[in-house]
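The structure appears below as C-alpha cells.
The chains referred to below are lettered A, B, ... by the order of the sequence lines, with proteins before strands, and numbering in each begins at 1.
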Protein chains: 2
Amino acid sequence: MSGVGIKDIAARANVSIATVSYVLNGTRNVKLNTRERVLRVIQEMNYKPNNAAQSLKRKRTNTIGVIAEDVTVFNVPEIIDGIHDCAERMDMHILLTNLRLDKRVGRNLHQTEAYRQDVDNAVDELLSKQVEGIIYIGVHPRDLTGLCDTLGKPIVYTYSYTQNDVSIQYNDEQASYEAMSYLVQHGHSRIAIISGTMNSTPSRLRFNGYYKAVTDFELPFDPQYIKMGNWEAESGYRLTQELLALRQRPTAILAMNDVMAVGVLRAATDLGVRMPEELSVMGFDNREFSDYLMPRITTMSLPLHEMGFQAMEALSRLMQGETTEVSQMPLCRLIERDSVMRLIE
Amino acid sequence: MSGVGIKDIAARANVSIATVSYVLNGTRNVKLNTRERVLRVIQEMNYKPNNAAQSLKRKRTNTIGVIAEDVTVFNVPEIIDGIHDCAERMDMHILLTNLRLDKRVGRNLHQTEAYRQDVDNAVDELLSKQVEGIIYIGVHPRDLTGLCDTLGKPIVYTYSYTQNDVSIQYNDEQASYEAMSYLVQHGHSRIAIISGTMNSTPSRLRFNGYYKAVTDFELPFDPQYIKMGNWEAESGYRLTQELLALRQRPTAILAMNDVMAVGVLRAATDLGVRMPEELSVMGFDNREFSDYLMPRITTMSLPLHEMGFQAMEALSRLMQGETTEVSQMPLCRLIERDSVMRLIE
DNA sequence: CTGTTAGCGCCTTCAA
DNA sequence: TTGAAGGCGCTAACAG
C-alpha cells in the first residue's frame, strides 16, 4: 500500500516490531533512548500506520457512517457540520454516503420502495466497512420507521422521525408557538397562517403551536385565516391575495417557511400593500435569502448544527451500550429582522 | 466485529473457507449446487464481508478522501455532490473530512500557517486509512500550492488553484466576458463593474473578462465605472451610490457576486431609481436568494457539480497512473432573469 | 525494558 | 470442482 510498514522501521531501528508498536501506541514503557530512535526512523521513513490492519486487530475503526439523503438540500450541510463538530472531539471519522435522492427520486419520498434498495445498499456497504454506528439524515422531517436494517448496529436518525429508533428532531410546535408569542407581543391579534402541505409532520406540529397560541392568548379564531399552502412561493402568493381580499384583513401572516414568505411579499407588493407597515410576516427556516429581501424577514432558525451534534452524542452513547438518551429537543431560535411591525408601545 | 465471518459460513455450509471466498468474489467456478448452498447460508447468517480484512489483503480500499475546508460554505455541498455522482459510478467510497475552517480561522485564510497543522492531520489520517487519492475543496478560489503533502498519493484540488498539482477550476474570465456580452447584446454600453477584493484571483480574472469585453466591443472606458468592493452587500450599496452620483450614470452594473448585487438593489431602491428600467444589474454565483429578490437577479451560475465530477475523474486517472488530464475548464452558465433591461430591439 | 509469536478476516497460490 | 495453508500489517499476550 503505502509501502513502508512497521517491520521496515523495526529493521531500520534495530528493534522488534513489538517495540515499534509500543512506542506508536504508548502501550508500554520504552527506554527514552530507544523510543527516540524509533520515532526518528518513523519520521525519516514517513511511516503511517495502516489503519486497515489496526482495525482488523483492534476490532475498532473509529468510524461512523453518515447517510445523507441529499447533501445539496439546504439544511443538510449544517447538520453534517454539527456531526463533525462532535465527532472530531471524540476522534471519530465520518464515512459519508450521499443518496442523492433529490436527483434520483425527486420529491416522491412517499413511496419508500423507490429508494429502499439504495438505502439497503448504503447500509450494507457501511456495515462492511465496519462502521461503529450510523447517522441517517433525511431531507425533510417525516416518519422513517424501519427504513434501515443495521443488524443491531446503533443508528440514530435526525431530521426525521422514527418509532423504534432514536431520532433527533427540533421542537416544531414550540417554534411556531414562540413565533406567535412574538407576534402577539408586537400587538398583533388577527394573525393568519399559511401552512405547508398538510400531510407533513412539520405542518401539523406547527399548526398545533399556532392553535395553542390562539387559544392561550385568546386571539380571535377565524377559519378564513387558516390557509393550506404547499411550501412553494406561488402558494404564498395566491393565499396572501385571498387573505388581503378579506373584509377583515389579518395584520400578520405566519408562513410555515421562508419560501412562502417570499410569496407573501410579492403579493403585497403587487397589491400595493406596504410591508411591514400594513402587513407583517414571519417565516420559518432562516434561509439565507430571508436576510436579503426587503423587508428583511423575521424568521425561526432551525437548530441544525445542534441536531447534528446531538445525533452524534446520542450515537456515541448507543455505541457504549447506554440507552439513557433523554436529551432536550433542540429549540428553534427567533431571528428578529424587519418584517414585523410593532403595533403597540 | 460484526460477529459472523467467512469461516462461520464455511462451517455451516460444509465447505472450505476458500470456497466461500470464491463464490463471494466469483473468482472461480463453483458447482451450482455448492454455490447456492453457500449463498443461502450467507443470507441466513446476514454475513457481510469485513472490508478491513479485504483491504489488507487486496491492498485496495476503493476509498478516496475528500477534504472540505468547510462543508457549510455555499458552494461546497454541490461540489461534493458532483464528486459522489462520479465516484458512485466507479464504485468508490468517500471518506469526508470537514476542516471547519470557517469556524476555526474565519476569513483569515491568508495566513496558511493558521490551519496548515489541521490540513496535515487530515491528510495523515486519510493516508492512514489507505485512501487511494484525495480531493481538496477550498472555500474560495485561491492559490493552495504545496498545502498538502500526500507522499506521492494522487491529489486533485478544486475550487482553488495550484502550481504543481492538478486543480479543477471553472473559467472565471470567460464567465465575466459572457456576462458583458449579454449586457452589450441588450444594448448597454455604459457598464460599471463592482469587483471583489482585488487581492483575490476571481476578482482579477473577472476583471480581465470585463476589460477584454470593453476592448472587444469598443465600449466607452471610464475609470469611474470601476469600483472596488469587498464581496459584501454594504460595499455594493455604497459603490452604487457613488455610481449613481456620476453625471454620466452607467445603465448597467456588473457585480462580481450576488451579495453585492443586493447592495446595488438596495441603493437603487433608496435613491428611487427603478430597476431594471433605470438601472440593470448582473450578479455572480446564482445564489439561491438571487431568484427571490425583486427584480429577480440575472446571474452567472458556477459549474459546481461539474467541477466535483471532473475532479473525481481527474483523480481516477491519476490513480491509474495516467497524467493526460487536459479536460476543458468547466464553464459558468448565464441564468437569465429580470434584472437586465433590454435597451434596443 | 525488550523480543517472540499467535492471530484479526480474508484472498490466493499450490496441491489434490 | 474443492481444500490447505501462508500471509497482508498490526496488536497484545506471553516470555524473557
Side-chain angles (χ1 to χ4, degrees), chain A residues 1-39 41-42 45-63 124-132 151, chain B residues 1-39 41-42 45-63 124-132 151:
Chain A
M1 216 82 143
S2 74
V4 29
I6 203 176
K7 77 170 56 141
D8 298 301
I9 83 113
R12 218 71 118 120
N14 282 316
V15 292
S16 71
I17 61 168
T19 303
V20 177
S21 174
Y22 291 130
V23 338
L24 229 34
N25 301 297
T27 327
R28 192 154 81 176
N29 276 342
V30 174
K31 193 167 44 161
L32 185 61
N33 198 317
T34 319
R35 194 221 313 292
E36 283 180 339
R37 184 153 34 96
V38 172
L39 252 18
V41 174
I42 286 178
M45 304 188 75
N46 262 323
Y47 167 77
K48 312 265 185 257
N50 181 326
N51 191 276
Q54 290 181 318
S55 298
L56 194 57
K57 213 44 275 226
R58 300 210 250 241
K59 301 182 171 289
R60 286 220 49 195
T61 55
N62 290 311
T63 302
D124 278 1
E125 304 231 40
L126 256 17
L127 255 24
S128 191
K129 292 235 179 209
Q130 311 304 117
V131 297
E132 298 172 15
L151 307 178
Chain B
M1 217 85 143
S2 74
V4 28
I6 204 177
K7 75 168 59 142
D8 297 301
I9 83 113
R12 197 106 107 94
N14 281 317
V15 292
S16 72
I17 59 170
T19 304
V20 178
S21 175
Y22 291 132
V23 339
L24 230 35
N25 301 299
T27 326
R28 191 153 80 176
N29 278 343
V30 175
K31 195 169 37 160
L32 185 62
N33 197 315
T34 319
R35 195 222 310 293
E36 283 180 340
R37 186 155 32 96
V38 171
L39 251 17
V41 174
I42 285 178
M45 304 190 73
N46 262 324
Y47 168 77
K48 314 265 182 261
N50 181 327
N51 190 276
Q54 291 181 318
S55 300
L56 193 57
K57 259 282 45 164
R58 303 211 248 240
K59 300 181 174 288
R60 283 219 52 195
T61 54
N62 289 311
T63 302
D124 278 0
E125 305 231 38
L126 255 19
L127 255 24
S128 192
K129 293 236 178 209
Q130 311 303 119
V131 297
E132 297 173 16
L151 305 179

Which residues satisfy the side-chain hydrogen bond (donor to acceptor under 3.5 Å, both in side chains) test with B:S16, sequence neighbours excluded?
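Per chain and number, B:S16 pairs via side-chain hydrogen bond (donor to acceptor under 3.5 Å, both in side chains) with B:T19.
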Please list, chain by chain and in numerical order, all residues satisfying side-chain hydrogen bond (donor to acceptor under 3.5 Å, both in side chains) with B:S21, sequence neighbours excluded.
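Residues passing side-chain hydrogen bond (donor to acceptor under 3.5 Å, both in side chains) with B:S21: B:N25.
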[X] side chain: which of [options] is closest?
| X | options | answer |
| --- | --- | --- |
| B:K59 | C:dC8, D:dT2, D:dG9 | D:dG9 |
| B:L56 | D:dC8, D:dG3, C:dG3 | D:dC8 |
| A:N29 | D:dG9, C:dT12, C:dC1 | C:dC1 |
| A:S16 | C:dT4, D:dG3, C:dC8 | C:dT4 |
| A:P49 | C:dC11, C:dC8, D:dC10 | D:dC10 |

Distance-only donor-acceptor test (3.5 Å): side chain A:K57, base C:dG7:
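Answer yes: a donor N or O sits under 3.5 Å from an acceptor.
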Reported [atom1]-to-[atom2] distance for the pair [X] and [Y], which is rounded to 0.5 angstrom:
| X | Y | atom1 | atom2 | result |
| --- | --- | --- | --- | --- |
| B:K48 | B:I42 | NZ | CD1 | 10.0 Å |
| B:N50 | B:K57 | CG | NZ | 14.0 Å |
| A:L126 | A:T63 | CG | OG1 | 9.5 Å |

What's A:V20 touching, base or sugar-phosphate or nothing? Going by heavy atoms closer than 4.0 Å.
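Answer is nothing: A:V20 stays at 4.0 Å or more from every strand.
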Take atom [atom1] of [X] and atom [atom2] of [N], then tell me their distance rounded to the nearest Å.
| X | N | atom1 | atom2 | result |
| --- | --- | --- | --- | --- |
| A:I17 | C:dG7 | CD1 | C1' | 12 Å |
| A:Q130 | C:dC8 | CD | C1' | 11 Å |
| B:R58 | C:dG9 | CZ | C1' | 12 Å |
| B:N14 | D:dT2 | CG | P | 13 Å |
| A:N51 | D:dC8 | CG | P | 19 Å |
| A:N25 | C:dT2 | CG | P | 16 Å |
| B:Y47 | C:dC10 | OH | P | 3 Å |
| B:I6 | C:dC8 | CD1 | P | 13 Å |

Take A:L24 and B:K31, find for each the nucleotide of DNA chain D with the closest heavy atom, and name the residue whose nucleotide sits nearer the 5' end.
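Whichever sits nearer the 5' end wins; that is B:K31.
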Most 5' of A:S21 and B:R37 on DNA chain D, judged by nearest nucleotide
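Looking at the nearest nucleotide for each, B:R37 comes out on the 5' side.
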Shortest non-hydrogen contact between B:A53 and A:L56, atoms and distance:
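Minimum heavy-atom contact is CB-CD1, 3.7 Å.
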Here's a test for you: under side-chain contact (heavy atoms from CB on, under 4.5 Å), which of B:I9, B:D8, B:V38 qualifies with B:Y47?
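That would be B:I9.
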OP1 or OP2 of [N] sitting under 4.0 Å from any side-chain N/O of [X]?
| X | N | result |
| --- | --- | --- |
| A:Q54 | D:dT11 | yes |
| B:T34 | D:dT2 | yes |
| B:T19 | D:dT2 | no |

Pairs under 3.5 angstrom, nitrogen or oxygen only, protein versus nucleotides 14-16 of chain D, please.
from	atom 1	to	atom 2	distance (Å)
D:dC14	N4	A:R28	NH1	3.1

Is a side-chain donor-acceptor pair under 3.5 Å present for A:D124 with A:S128?
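Per modelled atom types, A:S128 and A:D124 side chains form no pair under 3.5 Å.
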Given DNA chain C, 5'-ward residue of the pair B:A53 and B:T27, judged by closest heavy atom:
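On the 5' side of the pair lies B:A53.
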